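Here's the structure we're looking at; comments come further down.
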Amino acid sequence: MTHFFRHATTALAALFATASAFVFAADGDAPQTIRSKPRDTITVVAHRGAGDLAPENCLSSLELTWKMGGVPEVDVRTTKDGRIMMFHDANFQRVCPNESEEIRKSSVEKMTYDEVRRLDIGVFRGEEHRGERVLSIEEIVDALKADSKRKVVIDVKNVDFQKLSEAVADVREQVILTSGSEADLQRWAKINVEFYDTALWMGLGSYTDADVEKRFEALRKNDFAGIKRLQIHVTKDSDGALKPSAACIRACADECRERGIEFQTMPWRTKTCPELATDIAFHKELLNLGAMGFGTDRPDCAFQAIDEFYAEAPQK
């Protein structure tokens with residue numbers, strides 16, 4: 001075994017005994033936490049651009065996230081006439097409930113730029129959001145150019161990587177490409193040799209410790225190629241225990257730190273744990289396990305947890 005994860009319980013060590021590359025340090029080692037970093041360097045990624053606080057993937061949600069000091073995460077797809085647009089879903093059923101059935105069942109990929117721009121994707125969240133439109137990549141770039149301190153995380157749903165690279169060329173250092181596929185990140189790194197920033201997400205609230213280890217084993221074979229940041233979605237099981245476990249999260253944090261990779265966690269809501277995005281204590285628990293940033297549906301709560309965590313004395 002050549003890679004090192006720390007602080008496992010005896011039971012967890014036994015679980016991984018036959019196949020794991022995890023090696024754990026002795027109990028009692030103090031975790032390294034965000035307190036070792038300047039407060040203004042902590043990354044808070046707002047899922048779908050603070051989609052719980054404003055219409056998701058809209059300009060208002062981006063502006064709100066930047067105002068808080070966070071980084072909006074947006075999703076990109078390509079229209080049938082080749083324009084890159086910011087939109088998450090595979091159809092318009094959820095965000096355009098008042099449109100015709102034909103449009104609701106359609107998708108960005110089946111429509112032209114002009115057809116997509118006609119749609120109001122804000123009003124379903126309330127009259128105060130009426131008039132929000134699907135943004136183009138050009139509009140996102142213009143918003144980034146307005147302030148060089150702004151960054152955006154782009155989650156690639158359906159897009160030509162070369163075309164996306166050309167579109168963001170002027171603001172490349174403000175763009176973080178994210179995907180659930182390490183192959184996507186490696187492709188991005190090959191296209192953008194001089195500079196690239198990437199984040200791999202994994203879990204979707206379903207990963208067990210064994211799932212995490214299996215994924216890390218695969219990543220180690222390529223020395224985590226193309227990955228600058230790594231985000232694991234963390235939830236709780238029906239008994240209230242962390243999934244993946246605290247020991248596993250701590251181990252991931254340790255290995256990522258040793259590799260120079262920023263380790264993030266995302267509190268992932270489930271039907272049995274719908275409150276996790278606003279659970280400050282849960283956020284601080286993840287920070288104490290070594291999370292160096294968050295993905296979140298509620299950046300306001302993530303920032304509150306970070307502020308409280310910095311203000312509190314470290315756990316013994």
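The shown structure was predicted, so the numbers you read here are calculated from the model rather than taken from an experiment.
Panel note: side chain W268, backbone L204; a donor-acceptor pair is recorded below 3.5 Å. Remark: side-chain polar atoms of R269 are not paired, donor with acceptor, to backbone N or O of A277 under 3.5 angstrom. Distance alone, capped at 3.5 Å, places no donor-acceptor pair between the D89 side chain and the F92 backbone. Side chain of D297 to backbone of D52: no donor-acceptor contact under 3.5 angstrom is found.
D209 contributes atom CG, which lies 3.5 Å from atom OG of S245 (distance to the nearest 0.5 angstrom). Put simply, CD1 on I227 and CZ on R259 are 9.5 Å apart, with the number rounded to the nearest 0.5 Å. Here the CD-CE distance, from E63 to M68, works out to 12.5 Å after rounding to the nearest 0.5 Å. The CG atom of L230 sits 7.5 Å away from atom SG of C252, with the distance rounded to the nearest 0.5 Å.
Applying the salt bridge (charged side-chain N to carboxylate O under 4.0 Å, His left out) criterion to E138, with sequence neighbours excluded, gives R83. Residues that satisfy the ring pair (Phe, Tyr, Trp, His ring centres under 6.0 Å) test with F224, not counting sequence neighbours, are F216. For Y196, the side-chain hydrogen bond (donor to acceptor under 3.5 Å, both in side chains) criterion is met by no residue, not counting sequence neighbours.
Defined by atom type and a distance below 3.5 Å, a donor-acceptor pair is missing between the side-chain atoms of E56 and S61. For the residue pair D81 and T79, a side-chain donor N or O sits within less than 3.5 Å of a side-chain acceptor on the partner. For the 3.5 Å distance criterion, the side chains of Q162 and E166 qualify, holding a donor opposite an acceptor. Between the side chains of H88 and N57, no donor-acceptor pair of N or O atoms lies under 3.5 Å.
Note on R77 versus E109: salt bridge recorded, some NZ/NE/NH1/NH2 to OD/OE distance being below 4.0 Å. With salt bridges taken as basic N to acidic carboxylate O contacts below 4.0 Å, one links E255 and R220. Salt-bridge check for R39 with D307: passed, with a basic side-chain N closer than 4.0 Å to an acidic carboxylate O. With respect to D75 and K157, a salt bridge is recorded, a charged nitrogen being found less than 4.0 Å from a carboxylate O. Ionic pairing of D197 and R229 is present here: one or more N-O contacts between side-chain nitrogen and carboxylate oxygen are shorter than 4.0 angstrom. Classification of E99 and K105 as a salt-bridged pair fails, no side-chain N sitting under 4.0 Å from a carboxylate O. Salt-bridge check for E115 with R118: failed, with every basic side-chain N at 4.0 Å or more from each acidic carboxylate O. Checked for salt-bridge contact, K236 and E275 miss the test: no charged N lies under 4.0 Å from a carboxylate O. The pair R257-D254 meets the salt-bridge criterion, since a charged nitrogen lies less than 4.0 angstrom from a carboxylate oxygen. A salt bridge does not link D147 with K149: every distance from a Lys NZ or Arg NE/NH1/NH2 to an Asp or Glu carboxylate oxygen is 4.0 Å or more. Ion pairing between D237 and K243 fails under the 4.0 Å rule for side-chain N and carboxylate O.
Side-chain atoms of L200 and L219, non-hydrogen and from C-beta on, do get closer than 4.5 Å to each other. Under the 4.5 Å side-chain criterion, counting only non-hydrogen atoms from C-beta, R130 is in contact with D120. Side chains of K163 and I84 form a contact here, defined as non-hydrogen atoms less than 4.5 Å apart. Annotation: side chain of Q231 is not in contact with side chain of T265 (no heavy-atom distance under 4.5 Å). Annotation: side chain of M266 is not in contact with side chain of I232 (no heavy-atom distance under 4.5 Å). Between L287 and T33, every side-chain heavy-atom pair lies at or beyond the 4.5 Å cut-off.
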| task | Just do the side chain to side chain donor-acceptor pair (under 3.5 Å) check on Q264 and T43 with the steps written out, would you? | result | CA-CA 8 Å; Q264 303 172 1; T43 306; 4.6 Å; no
| query | Are Q174 and S148 close enough, and set up right, to give a side chain to side chain donor-acceptor pair (under 3.5 Å), and what steps lead you there? | reply | CA-CA 7 Å; Q174 295 171 254; S148 62; over 6 Å; no
| side chain to side chain contact (heavy atoms under 4.5 Å, CB included) assessment of V234 paired with L242 | CA-CA 7 Å; V234 183; L242 290 183; 4.2 Å; yes
| query | Y310 and I34: side chain to side chain contact (heavy atoms under 4.5 Å, CB included), yes or no, with the steps? | reply | CA-CA 8 Å; Y310 268 89; I34 61 167; 3.4 Å; yes
| task | Before giving the answer on salt bridge (charged side-chain N to carboxylate O under 4.0 Å, His left out), spell out for K284 and E308 the whole-Å C-alpha distance, their side-chain angles and the decisive distance to 0.1 Å. | result | CA-CA 8 Å; K284 290 194 285 187; E308 291 183 11; 2.8 Å; yes
| query | Should R172 and N192 be marked as a side chain to side chain donor-acceptor pair (under 3.5 Å) after you check the CA-CA gap, both sets of side-chain angles, and the distance that decides it? | reply | CA-CA 9 Å; R172 185 168 288 124; N192 301 279; 2.7 Å; yes
| task | Report the C-alpha separation of S136 and E139 in whole Å, then their side-chain angles, then the decisive distance to 0.1 Å, and conclude whether the side chain to side chain donor-acceptor pair (under 3.5 Å) test is met. | result | CA-CA 5 Å; S136 67; E139 289 170 301; 3.3 Å; yes
| message | salt bridge (charged side-chain N to carboxylate O under 4.0 Å, His left out) for K37 and E262? Distances and angles first, verdict last. | response | CA-CA 12 Å; K37 300 174 64 178; E262 179 180 282; 3.7 Å; yes
| task | Report the C-alpha separation of F303 and F294 in whole Å, then their side-chain angles, then the decisive distance to 0.1 Å, and conclude whether the ring-ring contact (aromatic ring centres under 6.0 Å, His included) test is met. | result | CA-CA 9 Å; F303 278 120; F294 282 120; 9.4 Å; no
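Residue S179 comes nearest to V156 through the heavy atom pair CB-CG2, 4.1 Å, listed as atom of the first residue, atom of the second, then distance. Minimum heavy-atom separation, C301 to I280: O-CD1, 3.3 Å. Listed here is the closest heavy atom pair of P244 and I249: O-CD1, 3.6 Å. Heavy atoms only, all atoms of each residue included: A46 and P299 are closest at CB-CG, 3.9 Å. For T178 against A199, the heavy-atom pair with the smallest separation is OG1-O, 2.8 Å. Between V153 and V45, the shortest heavy-atom distance links the atoms CG2-CG1, 4.0 Å.
Grouping the Ile, Leu, Val, Met, Phe, Trp and Tyr side chains by contacts below 4.5 angstrom, directly or via other members, places V108 apart from I137. Cluster membership for L59 and V123, using ILVMFWY side-chain heavy atoms within less than 4.5 angstrom, is not shared. When the side chains of ILVMFWY residues are joined at heavy-atom separations under 4.5 Å, either directly or via intervening members, L144 and L164 end up in a single hydrophobic cluster. Residues I306 and L289 are members of one and the same hydrophobic cluster, defined by side-chain heavy-atom contacts under 4.5 angstrom among Ile, Leu, Val, Met, Phe, Trp and Tyr. In the hydrophobic clustering of ILVMFWY residues, with side-chain heavy atoms under 4.5 Å counting as a link, L62 and V116 come out apart.
Ring centroid separation for the pair Y207 and H233 does not come in under the 6.0 Å cut-off.
A cation-pi contact links R187 to F161, judged by a cut-off of 6.0 Å to the six-membered ring centre and 45° from its axis.
Within a 6.0 Å radius of CD in E102, other residues, nucleotides and ligands contribute 12 heavy atoms or fewer. Around CD of E101, the count of heavy atoms belonging to other residues, nucleotides or ligands within 6.0 Å does not exceed 12.
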